[in-house]
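Counting starts at 1 for both ligands and their atoms, following the listed order.
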Amino acid sequence: MRIDTGIFSCRGKTALVAGGCGLIGAAGIAALVGSGASVIAADIDGKRGRALSEATGCDFVRLDIGSEASVRACLREAVGKAGRLDVLVNSAYPRTKDWGRELEKNAFSSWEKNVNSHLAGGFLLSRLACEEMKATGGGSVISIASIYGVVGPDFSLYSGTDMTLPAAYPAIKAGMLGYTRYLAARYGGYGVRVNAVSPGGVRNGQPASFVRRYSAKVPLKRMAAPEDVSGAIVFLASGASGYMTGQNLIVDGGLTAV
Ligand SMILES: NC(=O)c1ccc[n+]([C@@H]2O[C@H](COP(=O)([O-])OP(=O)(O)OC[C@H]3O[C@@H](n4cnc5c(N)ncnc54)[C@H](O)[C@@H]3O)[C@@H](O)[C@H]2O)c1
C-alpha cells in the first residue's frame, strides 16, 4: 500500500535502515519506500543487501555494527550518498554462534560480545546519527527494541523445545530503551526525535508447540508478522509523530497489556 501523501508521508526524507536485510528491517524498508522515503539499507550480509537493493530500489552500505570503525564508515558513506540523513532505523541483530544457549552454559565472554555489538554498536550508530541530524536541523532515530526490555520472559513458553531467551537479550533491550530516553533528552532541543519500537515475537519457523502457547497468551491470538511492525516505523519516521520523543511504542498484539 502506498502512503506517500498525507500525514504519514516520508517523501523527501532519507532513511538509513541498519539490519535492513532482516525480517523486520526488510519489511520496514518496503513500508518506508511506500511512504516516499529514499532508503539506504545497511547490513553485514552483502549478498542479501545487493539482492534487496535490486528488489526494492534502495541503496546498500555494508555495516558491522560490532565494529566502531564500520559504524563510523557506514554513517559517513550513507550521508555521502544521500547528502543528508533524516531517519535512522536500527534493526541490526548481531549475535554470537552460541546465542540461545541455556543461562548456566553461557560463557561470560559471550555476554560481553553480544552486549558490546548489539547495545554498544547500536548506541554509537544512534549517537552519530543524532549528531548528523543536529547539524541539518533535525530527524528521527528509531531503535527496534523488544517487549523483553519491558517484561521478563515466561520460560514455560519454551518447554519441550530447544529455544530459550538468552539473559543478555533483556539486558540489551532495556539498555536500548534507556539510551533512547537519554538521547531524546540530549538532542530534543535540536529537533532530533529518538524513539523505540518494541515488537512481540515474530513468527519465523518456531516449533509448533511454542507458536501455539505464545499465541494463546496474546490477546490478538497470534504471533506478529514482520509487516505488523512497519506501521510503527513509518509513523515514527513521519511528521505524524512530530511531538513524540523518548517513547517506546509496543507492537505486541496486547501481550504486555494483560
Ligand atoms: N523477530 C522477533 O521476534 C523480534 C521480536 C522483538 C524484537 N526483535 C528485534 O528486532 C530487531 C530485528 O530482528 P529480526 O527479527 O529482523 O532479526 P533478523 O535476524 O531477521 O535480522 C537481523 C539483521 O541484522 C543483520 N546483522 C547481524 N549481525 C550484524 C552486524 N554485526 N552488523 C550489521 N548487521 C548485522 C543480519 O544480517 C540481519 O539482516 C532485533 O533487534 C531484534 O532483537 C525481533
Original post:
So does Lys217 pair up with Asp154, basic N to acidic O under 4.0 Å?
Top reply: yes
Subject >> Heavy atoms from other residues, nucleotides or ligands near CZ of Arg84 exceed 12 (cutoff 6.0 Å) >> reply: yes
**OP:** Among all protein heavy atoms, pick out the one at the shortest distance from atom 29 (C) of ligand 1; state its residue, atom name and that distance to 0.1 Å.
**Re:** Ile44 CG2, 3.6 Å
**OP:** Look only at interatomic distance and state if Asp64 has a nitrogen or oxygen under 3.5 Å from any nitrogen or oxygen of ligand 1.
**Re:** yes
**OP:** Return the option from Ala145, Ala92, Gly25, Pro199 holding the heavy atom at the smallest distance from atom 9 (C) of ligand 1.
**Re:** Ala145
Original post:
Can you tell me the protein heavy atom closest to atom 10 (O) of ligand 1 and the distance?
Top reply: Ile144 CG2, 3.2 Å
Subject >> Atoms of ligand 1 close to Arg48 [distance to a heavy atom under 4.0 angstrom, numbered from 1] >> reply: 39 (O)
**OP:** Provide, to 0.1 Å, the distance between atom 16 (O) of ligand 1 and the closest protein heavy atom, together with that atom's residue and name.
**Re:** Ile24 N, 2.9 Å
Original post:
When hydrophobic residues are tied together by side-chain contacts of less than 4.5 Å, even through go-betweens, does Val229 share a cluster with Leu32?
Top reply: yes
Subject >> Those atoms of ligand 1 less than 4.0 Å from some heavy atom in Gly19 >> reply: 23 (C), 24 (O)
**OP:** Tell me which protein heavy atom sits closest to atom 5 (C) of ligand 1, plus the residue, atom name and distance to 0.1 Å.
**Re:** Gly200 O, 3.2 Å
Original post:
Which atoms of ligand 1 sit under 4.0 Å from any heavy atom of Cys21?
Top reply: 39 (O)
Subject >> Check: Asn195 side chain, Met244 main-chain N or O, donor-acceptor pair, under 3.5 Å >> reply: yes
Original post:
So which heavy atom in the protein is nearest atom 28 (N) of ligand 1, and how far is it from that ligand atom?
Top reply: Pro94 CA, 3.3 Å
**OP:** Determine whether Leu183 and Leu236 fall in the same hydrophobic cluster, where Ile, Leu, Val, Met, Phe, Trp and Tyr are linked whenever their side-chain heavy atoms lie under 4.5 Å apart.
**Re:** no
**OP:** Compute the shortest N/O to N/O distance between Lys173 and ligand 1 and return yes if it is under 3.5 Å, no if not.
**Re:** yes
Original post:
Take atom NZ in Lys105; do more than 12 heavy atoms of anything else shown fall under 6.0 Å from it?
Top reply: no
Original post:
Which protein non-hydrogen atom lies closest to atom 20 (O) of ligand 1, naming both residue and atom, and how far is it?
Top reply: Leu23 N, 2.9 Å
Original post:
Any idea which protein heavy atom is nearest atom 32 (N) of ligand 1, and the distance to it?
Top reply: Ile65 N, 2.9 Å
Subject >> CA sep, side-chain torsions, deciding dist, call: Val87, Leu16, side-chain contact (heavy atoms from CB on, under 4.5 Å) >> reply: CA-CA 6 Å; Val87 176; Leu16 174 66; over 6 Å; no
Subject >> No-hydrogen, no-angle side-chain donor-acceptor test under 3.5 Å, Tyr187 and Glu131 >> reply: yes
Subject >> Per-atom contacts, ligand 1 versus Arg95 - under 4.0 Å to a heavy atom >> reply: 19 (O)
Original post:
Is Arg212 positioned over the aromatic face of Tyr214, cation under 6.0 angstrom from the ring centre and no more than 45 degrees off axis?
Top reply: no
Original post:
Under 4.0 Å from any heavy atom of Gly201, which atoms of ligand 1 are there?
Top reply: 3 (O)
Original post:
For ligand 1, which atoms sit closer than 4.0 Å to a heavy atom of His118?
Top reply: 41 (O)
**OP:** Please identify each residue that fulfils side-chain contact (heavy atoms from CB on, under 4.5 Å) with Ser110, with sequence neighbours left out.
**Re:** Thr96, Asp98, Asn106, Ala107, Asn114
Subject >> Stacked cation flag Lys173 on Tyr148, 6.0 angstrom / 45 deg >> reply: no
**OP:** Only heavy atoms count here, so choose which of Val17, Asp43, Val71 is nearest to atom 23 (C) of ligand 1.
**Re:** Asp43
**OP:** Indicate whether any N or O donor in one side chain lies under 3.5 Å from an N or O acceptor in the other, for Arg193 and Ser241.
**Re:** yes
**OP:** Taking only heavy atoms of Val202 into account, list the atoms of ligand 1 that are under 4.0 Å away from them.
**Re:** 1 (N), 2 (C), 3 (O)
Subject >> Where Pro199 and Ile24 come nearest, the two heavy atoms and their spacing >> reply: CG-CD1, 4.0 Å
**OP:** Mark up the atoms of ligand 1 that fall under 4.0 Å of a heavy atom belonging to Ser91, in ascending order.
**Re:** 11 (C), 12 (C), 22 (C)
**OP:** Could you find the nearest protein heavy atom to atom 33 (C) of ligand 1 and give me its residue, atom name and distance?
**Re:** Leu63 O, 3.1 Å
Original post:
Where the closest heavy atom to atom 43 (O) of ligand 1 is concerned, which of Tyr93, Tyr169, Tyr214, Tyr148 has it?
Top reply: Tyr169
